Amino acid sequence: MVLIDGKKTSEILQSEIAEEVIKIKNNGGKIPHLAAVLVGHDGGSETYVAGKVKACERVGFKSTLIRYEDNVTEAELLNCVAQLNSDEDVDGFIVQLPLPNHISEYKVIESINPGKDVDGFHAVNVGRMVAGMPAFISATPFGIMELIKRYKIETSGKNCVVIGRSNIVGRPMSILLSQKGVDCTVTLCHSRTKNLKAICAQADIIVAGLGIAEFLRGDMVKDGAVVIDVGITRVKSDKTKSGWKLIGDVKFDEVAPKCSFITPVPGGVGPMTIASLLYNTLLSSKKEIYK
Ligand code: GUN
């Protein structure tokens, strides 16, 4: 069984990005610039955004953090997006989600210039991905595809079961895994799927992204399967300094011994997401997606 090391892979990807930035600097080019908009003081969002800003520094990007209080109006936020859209120095930006209830996330995301939507959430980027055109791919699906590639996991003709149909994990994963060149036969399962256990037991590759802790059990997985765990449920723990620990959607101790490859939680898919965002920002600064 190979334990897929997302932390190490993310560090490698980030050092490759840092090398590119050095080359850009040496050639007198413009340094990639990522901006992040954070509304309110949600603990999780603060941590995520701080991690993104820190990662920018690590690879030599310029970063800008724009903060608003919870009571910012939708119009003010849309105005901020419009300014970032037209700011020629900003290559890409994200608006950290979730937003307060009085602001439409959908409206905000759709107001972002798709050419700067390095989160890959805008319908134009989703549509371009579905059509197999160059697109910004959102961080989690991009990170998983990168792990599959870098660990040279065979995909052509393999039976792949994706559990969960969310817009940011399951649905894009089902599309990316079935695209030409990857060539999996994909079954997308969800809460209404019948005989899930029997379907999973046929799978060469399982992507578990339904958000139920330790859902995938040993008896649902065939010998030699590849298991990608996208779950991150936070549970109280008296064994960690923070008082919390992260649990995946896979019952690791039952499933791992049967696998050819498996991602752990933490340290699997999670660390790849920041590297994905940086990679998209680099692509944007090089005008590689939108010419
Ligand atoms: N909230 C949780 N994950 C994400 C993400 O990847 N992007 C944004 N914008 N918000 C998030």
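This one's a predicted model, so the numbers in the text were calculated from it and none came from an experiment. Numbers for residues simply follow the sequence, beginning at 1. Indexing begins at 1, ligand by ligand and atom by atom, following the structure's order.
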Using the rule given for side chain to side chain donor-acceptor pair (under 3.5 Å), can you reason through Asp91 versus His33, listing the C-alpha separation, both sets of side-chain angles and the distance that settles it, and then say yes or no?
CA-CA 5 Å; Asp91 297 294; His33 181 183; 5.9 Å; no
Could you tabulate the donor-acceptor pairs under 3.5 Å formed by side-chain atoms of residues 121-137, not counting sequence neighbours?
residue, atom, partner, partner atom, Å
His122, ND1, Val124, N, 2.9
His122, NE2, Glu110, O, 3.2
Asn125, OD1, Phe136, N, 3.3
Asn125, OD1, Tyr290, OH, 2.7
Asn125, ND2, Pro114, O, 3.1
Asn125, ND2, Asp117, OD2, 2.8
Arg128, NE, Pro134, O, 2.7
Arg128, NH2, Pro134, O, 3.1
Arg128, NH2, Ile289, O, 3.4

I need the full list of salt bridge (Lys or Arg N to Asp or Glu O under 4.0 Å) pairs touching residues 206-234, with sequence neighbours left out, sorted by first then second residue.
Lys197-Asp219, Asp204-Lys222, Glu214-Lys251, Arg217-Glu254
Working for side chain to side chain donor-acceptor pair (under 3.5 Å), residues Glu46 and His41:
CA-CA 6 Å; Glu46 294 259 9; His41 300 273; 3.3 Å; yes
Pairs where residues 19-29 contributes a residue and the test side-chain hydrogen bond (donor to acceptor under 3.5 Å, both in side chains) is met, not counting sequence neighbours
Glu20-Lys286
At a heavy-atom distance under 4.0 Å, which protein residues reach ligand 1? Sort them by chain and number, would you?
Lys52, Val95, Gln96, Leu97, Asp119, Phe121
How about Val226 and Ile262: do any of their side-chain heavy atoms sit closer than 4.5 Å?
no
